[in-house]
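Beneath this line is the structure, given in structure tokens, with notes to follow.
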There are 2 protein chains.
Amino acid sequence: MAIKRFTRQRRAVLEVLRSTRRHPDAAWIYHEVKKRVPSISLGTVYRTLDALVREGMVIALHTGGPTRYDAFTEPHPHLVCRRCGAVLDLDLEVGGLVEAARSAHPELVVERAWLAFEGLCPDCARSLES
Amino acid sequence: MAIKRFTRQRRAVLEVLRSTRRHPDAAWIYHEVKKRVPSISLGTVYRTLDALVREGMVIALHTGGPTRYDAFTEPHPHLVCRRCGAVLDLDLEVGGLVEAARSAHPELVVERAWLAFEGLCPDCARSLES
DNA sequence: GTGAATGCAAAAGCTTTGCACTCGA
DNA sequence: TCGAGTGCAAAGCTTTTGCATTCAC
């Protein structure tokens, strides 16, 4: 269903998500939102995230562990650290991917591209260097 | 740990995975492998897939649902159908992504690129066309 | 023979869901 | 008012794990 009411809970989830660039999962969001709306339940956090994703106000990232959420919806690549699991935004222009896929595969409907890199974040790169 | 013994179970998992291009999940692989090795358990399938991924003989795809596996390990883009969940290989050359990410972010260790598209597979595109 | 790998089953996440209650429009 | 949204708790699903047993080397 589409969002009909902007409740305290939903506003708080969206604000928490917009206030961070760490691509948190539902548990972290729950923990943060509870500071502002102590009565909120984890189920509501999940239902809210679901609704926000369906509305296109938030994107969901599937990296292997729990689903992570991002209120920054412009397509942009990520780096997933294979050591600590951190997700970082990359400053990298990669246009034309959807168009390229469309012309290579006219039989498909291509709507969106997801580009992620696997590697090490600066902290883990530092602590692993020999 | 590295793989030390190539048991019937592991051989069967690898062969099943190499025989299909459907990017199956652990449950499907279990079901197929059980036809050849009826005693196999789901836990062994998971442990085997884990080991094969660590060995680099198989890749794991995180698409939102259960993890899917692919014995075709050359980097190649996928299309994930948002309607039926199918995962298709795309015939699309996308080189230089890792290099581009490295030069944009020298502070990171970039090891691998994952490119996926979201959209509709041919069947779903057909059945949804107006 | 020996310990890596297995089978079984229990447990551990993460996420969804049913239901009665609440409250925003 | 009144039904969309919530809180709670139970359930669902995928995946992991402990332990005794088996079997590949």
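Letters A, B, ... are given to chains in the order of the sequence lines, protein chains preceding strands, and every chain is numbered from 1. Side-chain atoms are counted along with the backbone in the values below, which use heavy atoms only and exclude waters and symmetry mates.
- Look at CD1 on B:I3: it is 14 Å from C1' on D:dA24, rounded to the nearest Å.
- If you chain together hydrophobic residues whose side chains sit under 4.5 Å apart, B:W114 and B:V94 never meet in one group.
- Contact annotation: A:Y46 does not reach the phosphate of C:dT16 (side-chain N/O to OP1 or OP2, under 4.0 Å).
- Atom-to-atom, CG of A:L49 to C1' of D:dG5 comes out at 15 Å; the value is rounded to the nearest Å.
- Closest-nucleotide positions on DNA chain D for B:K4 and A:T48 were compared, and the one nearer the 5' end corresponds to A:T48.
- In terms of phosphate contacts, B:R5 brings no side-chain nitrogen or oxygen within less than 4.0 Å of OP1 or OP2 of D:dC23.
- In terms of polar N and O atoms assigned as donor or acceptor, the side chain of A:R47 never comes within less than 3.5 Å of the base of D:dG5 in a complementary pairing.
- Following rounding to the nearest Å, B:F6 (CZ) and C:dA5 (C1') show an atom-to-atom distance of 12 Å.
- Here the side chain of A:Q9 is nearest to one of C:dT15, C:dT16, D:dT6, namely D:dT6.
- Separating the CD1 atom of B:I40 from the P atom of C:dA9 is a distance of 16 Å, rounded to the nearest angstrom.
- For B:E55 (side chain) and B:I3 (main-chain N/O), a donor-acceptor pair under 3.5 Å exists by modelled atom type.
- Checking D:dT6, C:dG7, C:dT15 against the side-chain heavy atoms of A:R10 singles out D:dT6 as nearest.
- Looking at the side chain of B:T7, the nearest of the listed nucleotides C:dA4, C:dT6, D:dC2 is C:dT6.
- Between the C1' atom of D:dA4 and the CZ atom of A:R8 lies a distance of 15 Å, rounded to the nearest Å.
- Atom CZ in B:R68 sits about 14 Å away from atom C1' in D:dT14, given to the nearest Å.
- Here B:D123 pairs with B:R126 in a salt bridge; the nearest charged N to carboxylate O distance falls below 4.0 Å.
- Atom CG in B:L42 sits roughly 11 Å away from atom P in C:dC8 (whole-Å rounding).
- A:R18 contributes no side-chain N or O that, together with a main-chain N or O of A:A71, makes up a donor-acceptor pair within less than 3.5 Å.
- Distance, A:Y30 OH to C:dT15 P: 15 Å, rounded to whole Å.
- A sub-4.0 Å separation between OP1 or OP2 of D:dT15 and a side-chain N or O of B:T67 is present.
- Looking at B:D25, its side chain does come within 3.5 Å of a backbone N or O of B:W28 through a donor-acceptor pair.
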